[in-house]
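Right, one structure below, let's go through it.
Proteins come first, then strands; the chains are lettered A, B, ... in the order of their sequence lines, and each starts at number 1. Computed from a predicted model, the values in this text were never measured in an experiment.
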Number of protein chains: 2
Amino acid sequence: MTPSTKEIDFQTLSRSLLDIAWSFGPKGLDSACCKDLGIAEFLALDDISRTIDYPVHQVGSTLGFTKSGATRIVNRLVTKGYVSKRTSGHDGRVCCLDVTDRGREILSEAYANYETILRRIFAGLDSTKRDALRESLIQFSTLLMQEGSQEGNR
Amino acid sequence: MTPSTKEIDFQTLSRSLLDIAWSFGPKGLDSACCKDLGIAEFLALDDISRTIDYPVHQVGSTLGFTKSGATRIVNRLVTKGYVSKRTSGHDGRVCCLDVTDRGREILSEAYANYETILRRIFAGLDSTKRDALRESLIQFSTLLMQEGSQEGNR
DNA sequence: TAAATTAGTTGACGACGTCAACCAATTGTG
DNA sequence: CACAATTGGTTGACGTCGTCAACTAATTTA
């Protein structure tokens with residue numbers, strides 16, 4: 001039986017998305033761009049840098065880790081000097097995370113590395129195509145995040 | 001200093017791509033769609049299923065693993081019954097990998113799962129937008145793969 | 001023909017994240 | 001108000017994953 005065109009499209013798309021994911025993973029750009037940070041650590045550090053009073057458990061719930069796993073990730077960031085901890089004034093149980101200056105540097109460097117590579121990837125496109133592609137990727141990411149949020153509410 | 005618009009765009013794009021990657025990783029769709037396969041195992045299984053006489057070392061070089069790492073991945077697929085091994089007739093050192101019927105079933109199920117989720121993600125878009133987005137994602141994946149190939153040649 | 005190279009494997013081990021138990025702080029209930 | 005229940009974070013034990021280095025066997029090279 002020959003798959004219908006529609007089915008082939010979704011398989012190609014799925015595989016393409018998986019390839020994209022793999023390319024940004026530990027074997028791909030993550031190791032090239034993020035120095036000594038795994039992708040989970042990088043995302044956690046980025047989130048922490050954008051939010052005031054970011055608690056440990058938020059690392060876990062945002063990225064899908066257990067409390068214990070969140071602690072491990074946070075402790076690695078602290079050990080590396082990219083994040084510091086302090087107790088929340090509002091709740092004595094809560095441990096708030098702040099990005100350090102060094103952490104901000106690391107983030108900047110990583111984003112600069114990603115930019116360099118993305119510019120290279122887009123180099124063969126005219127600016128209209130490039131912008132369209134960029135918008136699409138951001139749109140898809142937004143749709144994915146929304147889908148993930150809805151999944152979480154089930 | 002206020003970042004220029006251009007810099008913000010690449011940072012947003014980078015973060016979006018990382019979010020996409022994370023969404024397809026072990027904490028995201030991979031666990032939802034691929035049963036007992038990690039993303040590396042899934043990609044290896046998919047590659048093996050598309051190629052005749054796929055050797056173990058190809059698993060390593062395609063996905064960025066050492067020989068040893070490739071052996072581990074392959075052995076896990078064999079243990080799960082999704083891949084079988086045989087010695088190549090052309091070269092007694094080489095171990096050729098074949099996908100089993102069970103392996104094909106697993107791939108089909110996983111792709112069906114991805115399709116279901118992608119349909120849901122695209123549900124709010126009209127078909128023109130949907131097709132454009134789909135094309136863009138496949139295009140970006142292709143560009144990424146090409147970039148990765150050039151990197152490999154350096 | 002022997003040395004060098006290649007394909008694949010294996011033991012040891014470090015990195016990562018889960019589970020379960022634990023402690024302390026806070027919230028909820030009677 | 002006192003106590004039970006819940007929440008935030010940590011820690012030891014442990015399983016999974018992939019690397020390194022050493023090894024064996026097959027093939028290629030000089």
Quiz item: B:Arg72 side-chain donor-acceptor pair to C:dG11 base, under 3.5 Å: yes
N or O in side chain of A:Arg76 less than 4.0 angstrom from C:dA15 OP1/OP2: no
B:Arg93 CZ to C:dA4 C1', straight-line distance once rounded to whole Å: 12 Å
Within-4.5 Å side-chain heavy-atom neighbours: B:Phe140 and A:Leu118: yes
Pair of N/O donor and acceptor under 3.5 Å linking C:dT10 base with B:Ser68 side chain: yes
B:Lys85 vs B:Asn75, side-chain hydrogen bond (donor to acceptor under 3.5 Å, both in side chains): CA-CA, chis, key distance, verdict: CA-CA 9 Å; B:Lys85 293 186 185 178; B:Asn75 285 350; 3.0 Å; yes
Atom-pair distance (CG on A:Asp91; C1' on C:dT27), nearest Å: 10 Å
Residue A:Val56, side-chain atoms from C-beta onward, closest of C:dG8, D:dT19, D:dG9: D:dG9
Atom-to-atom span, OH of A:Tyr54 to C1' of D:dG8 - whole angstrom: 15 Å
Separation of D:dT10 P from A:Leu97 CG (nearest whole Å): 9 Å
Euclidean distance, atom CG of residue B:Asp53 to atom C1' of C:dA7 [Å, nearest integer]: 15 Å
Touch class at under 4.0 angstrom, heavy-atom based, for A:Pro26 against every strand present: nothing
OP1 or OP2 of D:dT10 under 4.0 Å from side-chain N/O of A:Thr71: yes
Closest nucleotide among D:dG8, D:dC20, C:dT18 to the B:Thr66 side chain: D:dC20
With A:Tyr111 via ring-ring contact (aromatic ring centres under 6.0 Å, His included) - residues at least two apart: A:Phe42
